[in-house]
Amino acid sequence: MIILVMGVSGSGKTTIGQQLAKSLNFQFRDADEFHSDENIQKMRNNIPLTDADRQPWLETMQAAIDQWLEQNKNVVLTCSALKDKYRKMLWRDPEQIKIVYLKGTFELIESRLKQRQDHFMKSDLLKSQFEDLEEPEGVILADISQTPSEIIEKIRKAFIL
């Protein structure tokens, strides 16, 4: 099974993803691992990525997901997956791939990003992420104003894990 934890930068994907993976004894992978050096440099320079920038990144993740499914691996993957077309590339098998959407207000997420140290994504790019965000339907919705343990428990109950 693959659990895709999605949301804008600062929504808690890494924290929730790592804790969820540990609680389920799944592998943890972060979509940032799949970005090219060029994309990371753009984000460091506060340049929003275009669909063309994201396409190779999505294709690389798509191939990894296919491999994990072939190998029957259980993986929690964190990925912004802001647009419906991005999720459709990654979420081709709803039986084996589940999506969790970490939802929060702009103000809450902006305050989190301002506290971050040593991360390439800064709060200046948050506005563009919210502009790109197409909220998903038919997924597990988690309110990020809850504690990580409350969010993890909600996810586990939703998937009966």
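Because only heavy atoms are used, hydrogens play no part in the values below, and waters and symmetry mates are left out as well, while side chains stay in. None of the values given here were measured: they were computed from a predicted structure.
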Heavy-atom side-chain contact between I97 and L69 under 4.5 Å: yes
Side-chain heavy atoms of L4 within contact of Y101, under 4.5 Å: no
Close side-chain approach of I140 to I99, heavy-atom, < 4.5 Å: no
Same cluster (ILVMFWY, side-chain, under 4.5 Å), F130 and I47: no
Contacts under 3.5 angstrom, residues 73-80 side chains, donor-acceptor by atom type, not counting sequence neighbours:
unit_1, atom_1, unit_2, atom_2, d
K73, NZ, Q71, OE1, 3.2
N74, OD1, M1, N, 2.7
T78, OG1, D30, OD2, 3.4

I155 vs I151 side-chain heavy atoms within contact, under 4.5 Å: yes
Any donor-acceptor N/O pair, N39 side chain to H35 backbone, under 3.5 Å: no
Those residues that, when tested against Q146, pass side chain to side chain donor-acceptor pair (under 3.5 Å) (two or more places apart): none
Gap separating the CZ atom of F28 from the CD atom of Q19, nearest 0.5 angstrom: 10.5 Å
Any donor-acceptor N/O pair, R112 side chain to S9 backbone, under 3.5 Å: no
Residues, nucleotides or ligands: over 12 heavy atoms within 6.0 Å of N25 CG: no
Exercise: identify the closest heavy-atom pair between G138 and W91: O-CH2, 3.9 Å
All side chain to side chain contact (heavy atoms under 4.5 Å, CB included) counterparts of T60, not counting sequence neighbours: F34
For K83, side chain to side chain contact (heavy atoms under 4.5 Å, CB included) partners two or more places apart: D51, K85, Y86, D132, E134
Under the side chain to side chain contact (heavy atoms under 4.5 Å, CB included) test, residues paired with Q62 that sit two or more places apart: D66, M89, L90, R92
For K42, all residues meeting side chain to side chain donor-acceptor pair (under 3.5 Å), sequence neighbours excluded: D53
Pairs where residues 9-27 contributes a residue and the test salt bridge (Lys or Arg N to Asp or Glu O under 4.0 Å) is met, not counting sequence neighbours: none
Atom pair CG/CD of L82 and E131 - distance to nearest 0.5 Å: 11.5 Å
Closest approach of L20 to I152 (non-hydrogen atoms, all atoms of both residues): N-CD1, 3.4 Å
Side chains of L49 and E38 in contact at under 4.5 Å (non-hydrogen atoms): no
Non-neighbouring partners of R87 that pass side chain to side chain donor-acceptor pair (under 3.5 Å), sequence neighbours left out: none
Pairwise side-chain contact, I109 with I144, heavy-atom cut-off 4.5 Å (strictly under): yes
Closest non-hydrogen atom pair, K98 against F159: CB-CZ, 3.2 Å
By salt bridge (charged side-chain N to carboxylate O under 4.0 Å, His left out) - contacts of E135 (at least two apart): K103
Partners passing ring-ring contact (aromatic ring centres under 6.0 Å, His included) against W68 (at least two apart in sequence or in another chain): none
Minimum-distance pair of heavy atoms, taken over all atoms of P148 and T15: CG-CG2, 4.3 Å
Non-neighbouring partners of E59 that pass side chain to side chain donor-acceptor pair (under 3.5 Å), sequence neighbours left out: Q55
Distance (rounded to the nearest 0.5 Å) between I3 CD1 and Q96 CD: 12.5 Å
Straight-line distance of D84 CG to L133 CG, nearest 0.5 Å: 11.0 Å
Pairs touching residues 140-152 that satisfy salt bridge (Lys or Arg N to Asp or Glu O under 4.0 Å), sequence neighbours left out: none
Separation between CD1 of I2 and CZ of R29, rounded to the nearest 0.5 Å: 10.5 Å
Main-chain N/O of L141 paired with K154 side-chain donor or acceptor, under 3.5 Å: yes
